[in-house]
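Here's the structure, in structure tokens; my notes come after.
Model, not experiment: these values are computed from the prediction.
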Amino acid sequence: MSNQFKNVANALVPLALFSSATACAQTQTLPAPVPDVRVAAETLELAEAEPSGPALWQVSDEDTTIYLFGTIHALPPEIEWFDAEIGQALAASDVIVTEIEVDEATEAAMQQLVLSRGVLPPGTTLRTLLSDDQSTTYDEALGKLGLPTNAFDQLEPWLAGLTLTTLPLLQQGYSTDAGVEKVLIDRAGEIDRGALETIEFQIGIFDGLSEASQVQFLMEAAEGIDEIKPILDAMVETWVRGDADGLATLMNEGLTDPEVAEKLLFSRNRNWADWIDTRLDSPGTVFIAVGAGHLAGNNSVQDYLAEREIPAVRVQ
């Protein structure tokens with residue numbers, strides 16, 4: 001993995017893994033529901049002016065409309081991003097589809113699964129997998145977070161690394177309760193919900209990495225511990241004003257490891273493009289909300305849709 005990957009992992013990792021790393025740091029509660037307000041899909045007009053606000057795309061045929069919206073899994077509560085265009089698209093939809101199911105039952109199952117797959121076998125500790133130099137760097141990172149050096153000794157390197165990318169955000173005001181998925185689910189009311197992936201699949205992405213790759217990921221997180229929040233702050237600012245190209249640069253330029261890029265982004269983007277292609281065969285309106293990195297840069301979901309001659313038109 002590249003040295004820059006440590007800075008973007010918190011925004012690109014699958015939702016299940018980000019939420020699970022957060023659960024290792026603190027307990028979260030679901031936001032209160034708000035009333036369901038519905039409008040017809042045809043009332044949302046394509047943007048004629050220069051798009052502004054978080055980017056929203058539309059894929060459609062004669063009887064199906066699919067909205068594509070890029071998310072950030074955790075945000076400071078004071079960030080205002082939900083606007084009329086997003087609200088109209090969501091209200092017009094028959095179903096909201098996220099990477100995984102977003103509810104209390106899934107969160108509970110997710111935490112149990114991560115802790116069963118993210119814990120080292122008896123007799124092995126995280127520190128035994130690190131060299132002396134790596135241990136020194138790792139200890140310094142934990143110290144900056146106010147944690148004892150043995151805080152994650154029982155965790156596999158991938159889960160310890162994800163937790164290191166999450167804790168600085170939580171300590172400085174970010175929250176998954178304010179994350180885009182939970183806000184959208186909250187605003188969606190009683191419309192149907194769907195998911196593109198399972199928690200088992202998402203956890204398997206990182207758990208399936210070699211030990212060497214997991215340790216490297218952990219060390220990159222430790223080495224960049226001071227830069228995680230400033231980088232995500234820049235991503236959020238770029239995302240809020242709808243600069244998709246700028247967001248692609250910030251989020252994807254660090255993915256120089258072909259294996260990681262393929263597993264984390266590209267293969268999943270192809271799968272989702274296939275899902276959208278198939279879904280266009282059924283009438284209705286769908287609101288898809290996935291990590292913003294999947295809708296930005298080369299080999300995005302939109303790129304794979306274009307290969308199938310399915311245009312994605314930006315409506316905001």
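The side-chain heavy atoms of Arg193 and Asp103, taken from C-beta on, include a pair separated by under 4.5 Å. Residues His73 and Thr176 have side chains not in contact (no heavy-atom distance under 4.5 Å, counting atoms from C-beta outward). Using a 4.5 Å heavy-atom threshold, the side chains of Asp243 and Asp245 count as touching.
Using a cutoff of 4.0 Å between basic side-chain nitrogens and carboxylate oxygens, Arg241 and Glu237 are scored as salt-bridged. Ion pairing between a basic and an acidic side chain is recognised when a charged N comes within 4.0 Å of a carboxylate O; Lys182 and Asp186 show no such pairing.
For Ala273 against Tyr304, the heavy-atom pair with the smallest separation is CB-CB, 3.7 Å. For Val290 against Ile288, the heavy-atom pair with the smallest separation is CG1-CG2, 3.9 Å. Shown here for Phe201 and Thr198, the closest heavy-atom pair between the two residues is N-OG1, 3.1 Å. Taking both residues in full, the closest heavy atoms of Val215 and Leu129 are given as CG2-O, 4.3 Å, listed atom of the first, atom of the second, then distance.
A donor-acceptor contact under 3.5 angstrom links the side chains of Asp83 and Gln316, judged on distance only.
Put simply, the side chain of Thr98 never gets that close to the backbone of Ala289: no donor and acceptor are under 3.5 Å apart. No side-chain donor-acceptor contact under 3.5 Å links Glu197 to the backbone of Glu99. Not a single donor-acceptor pair under 3.5 Å links the side chain of Trp158 to the backbone N or O of Ile205.
A perpendicular orientation is assigned to the rings of Phe206 and Phe217, their planes being inclined by more than 60° (bins at 30° and 60°).
With sequence neighbours left out, the side chain to side chain contact (heavy atoms under 4.5 Å, CB included) criterion links Ser116 to Leu113.
Screening Val180, Leu250, Thr71 for a side-chain contact (heavy atoms from CB on, under 4.5 Å) with Trp239, the sole residue that qualifies is Val180.
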